[in-house]
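Note sheet for the following structure.
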Amino acid sequence: MNVSVGKNTIIAIAGASASGKSLFASTVYQELVAELGGERIAILSEDAYYRDQSHLSFEQRTLTNYDHPAAFEHELLAAHLRALRAGKAIQMPQYSYKNHTRTDETIAVQPAKVILVEGILLLTDEQLREQFDITVFMDTPLDVCLLRRIKRDLEDRGRSLSSVTEQYENSVRPAFFEFIAPSKQHADLVVTRGGKNQIAIDIIKAKIRQLLAE
Ligand code: UZR
Ligand code: MG
């Protein structure tokens, strides 16, 4: 499909793992879709662009550093953002945290005037930053992120407490200080207190309404 949506705006939401990025982005998305319909807003996740690892054994996949930029196929995400800007639909990959690889399914994403994208390392990559019109950084305290991460990984991502703590010490925490925290400098807006910060949600929604009215 090739649809003209005029000039698009891509809004990136970055921050530490379990900082509330997905919640923030999906709340903005769902509240606006309820108000305005789903036609002019799209939502993407950087996690969907973890590299396909189906050629590796499960054992080998557990050795990947998922907090390092090399774990992501950022070229594909950048290409998809360019395609959406050009009015073309894309097939967003689907990723299984449990199996550490892509599933066979994809989700069709239609071009839209406003595109939300959320993920830990979005602001670390220059080819992605070039695509972003508005950048948001979730500046949630790390202890809050860690507690949320333990709960989520045990409940939703099929992990044991020992695997969560090991991953946290070996990759999640070091990558936060090496890659994610320095990328805050590229943010237009810094959101404190996590994905339920309704004032911040309302500010982004107001900006999107303004863009959609242009
Ligand atoms: P969010 N992750 C996994 O644990 N396994 C995978 O197969 C893919 C990703 C974790 C990843 C990162 N790291 O911290 C987190 N580790 O998912 C990013 N270790 O997802 O932003 O939703 O927290
Ligand atoms: Mg998330």
Side-chain angles (χ1 to χ4, degrees), residues 11-30 42-74 76-77 92-105 107 116-125 128 135-184 187 191 194-197 200-201 204:
I11 304 176
I13 298 148
S17 175
S19 59
K21 304 175 299 291
S22 308
L23 180 64
F24 187 86
S26 69
T27 305
V28 168
Y29 177 75
Q30 282 164 18
I43 186 164
L44 301 178
S45 156
E46 183 191 34
D47 288 8
Y49 293 83
Y50 271 117
R51 290 186 190 281
D52 183 45
Q53 303 197 106
S54 50
H55 57 291
L56 300 178
S57 70
F58 183 82
E59 268 306 300
Q60 288 171 313
R61 289 179 216 158
T62 61
L63 302 176
T64 302
N65 180 348
Y66 295 100
D67 295 279
H68 192 279
F72 290 95
E73 198 176 347
H74 277 163
L76 181 62
L77 174 56
M92 178 167 72
Q94 290 299 291
Y95 187 80
S96 162
Y97 299 99
K98 207 164 181 168
N99 299 326
H100 303 291
T101 192
R102 283 188 194 161
T103 71
D104 295 334
E105 325 253 292
I107 290 185
L116 295 167
V117 50
E118 58 89 11
I120 50 175
L121 294 175
L122 291 175
L123 300 186
T124 68
D125 188 312
L128 291 176
T135 48
V136 178
F137 187 91
M138 305 300 294
D139 203 7
T140 312
L142 268 197
D143 57 340
V144 175
C145 297
L146 175 58
L147 287 174
R148 282 202 50 240
R149 169 121 185 178
I150 293 169
K151 191 167 183 294
R152 180 188 71 189
D153 281 10
L154 294 187
E155 287 174 4
D156 305 335
R157 294 190 182 176
R159 301 292 155 71
S160 64
L161 183 58
S162 64
S163 87
V164 176
T165 54
E166 200 177 303
Q167 258 196 348
Y168 191 80
E169 284 170 34
N170 291 338
S171 67
V172 181
R173 192 174 188 282
F176 175 78
F177 290 105
E178 186 174 357
F179 303 113
I180 300 173
S183 78
K184 185 164 92 172
V191 174
K196 290 185 187 153
N197 182 334
I201 291 168
I204 293 290

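Just so it is clear, the values below take in all heavy atoms, side chains as well, and ignore hydrogens, waters and symmetry mates. Note that the structure is a prediction, hence the values are computed from the model and not measured. Each ligand, and each atom within it, is numbered from 1 in the order the structure gives.
Residue contacts with ligand 1, taken as heavy atom pairs separated by less than 4.0 Å, involve Ser171 solely via side-chain atoms from C-beta onward. With a 4.0 Å cut-off on non-hydrogen atoms, Thr64 does not touch ligand 1 at all.
Remark: ligand 1 atoms within the under-4.0 Å shell around heavy atoms of Ile120 are 21 (O). Ligand 1 places these atoms under 4.0 Å from at least one heavy atom of Ala18: 23 (O). Near His100, the atoms of ligand 1 lying under 4.0 angstrom from a non-hydrogen atom of the residue are 5 (N), 6 (C), 7 (O). Those atoms of ligand 1 with a heavy atom of Gln167 less than 4.0 angstrom away are 4 (O), 16 (N), 19 (N).
Not one N or O of Ser96 is nearer than 3.5 Å to an N or O of ligand 1, by distance alone.
Put simply, part of Arg149 is less than 4.0 Å from ligand 1, judged by heavy atoms. Contact annotation: Arg152 has at least one heavy atom less than 4.0 Å from an atom of ligand 1. Distances from ligand 1 to the non-hydrogen atoms of Tyr168 include no value under 4.0 Å.
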Original post:
Yes or no on side-chain hydrogen bond (donor to acceptor under 3.5 Å, both in side chains) for Tyr97 and Asp47, after CA distance, side-chain angles and deciding distance?
Top reply: CA-CA 9 Å; Tyr97 299 99; Asp47 288 8; 2.3 Å; yes
Subject >> Candidate pair His100 and Tyr50, rule ring-ring contact (aromatic ring centres under 6.0 Å, His included), full reasoning >> reply: CA-CA 9 Å; His100 303 291; Tyr50 271 117; 9.3 Å; no
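Closest to atom 4 (O) of ligand 1, if we only count protein heavy atoms, is Arg159 NH1, 3.0 Å. With hydrogens left out, the protein atom closest to atom 23 (O) of ligand 1 is Ser17 OG, 2.6 Å, a heavy atom. Looking at atom 22 (O) of ligand 1, its nearest protein heavy atom turns out to be Arg157 NH2, 3.0 Å. For atom 16 (N) of ligand 1, the nearest protein heavy atom (residue, atom name, distance) is Asp67 OD2, 2.8 Å. In this structure, the protein non-hydrogen atom closest to atom 20 (O) of ligand 1 is Asp47 OD2, 3.1 Å. Lys21 NZ, 2.8 Å is the protein heavy atom nearest to atom 21 (O) of ligand 1. The protein heavy atom nearest to atom 2 (N) of ligand 1 is Tyr66 CB, 3.8 Å.
With a 4.5 Å cut-off on side-chain heavy atoms, Ser171 and Tyr66 do not count as touching. Residues Tyr95 and Gln53 meet the side-chain proximity criterion, which asks for heavy atoms closer than 4.5 Å. Between Leu77 and Leu122, some side-chain heavy-atom pair lies under the 4.5 Å cut-off. Residues Leu142 and Phe177 meet the side-chain proximity criterion, which asks for heavy atoms closer than 4.5 Å.
Which of Tyr50, Tyr95, Tyr97 comes nearest to atom 7 (O) of ligand 1 through a heavy atom is settled by distance: it is Tyr95.
Taking 2.8 Å as the criterion, Ser22 counts as a coordinating residue of the Mg ion (ligand 2), since one of its N, O or S atoms falls below it.
A donor-acceptor pair under 3.5 Å is absent between the side-chain atoms of Arg159 and the main chain of Val164, judged by distance alone. Remark: side-chain polar atoms of Arg61 are paired, donor with acceptor, to backbone N or O of Leu56 under 3.5 angstrom. Without hydrogens or angle criteria, Arg51 side chain to Ala70 main chain gives a donor-acceptor distance under 3.5 Å. A donor-acceptor pair under 3.5 Å is absent between the side-chain atoms of Gln167 and the main chain of Val172, judged by distance alone.
Heavy atoms from other residues, nucleotides or ligands lying under 6.0 Å from CG of Asp104 number 12 at most.
Using a cut-off of 4.0 Å between Lys/Arg side-chain N and Asp/Glu carboxylate O, Arg149 and Asp153 are scored as salt-bridged.
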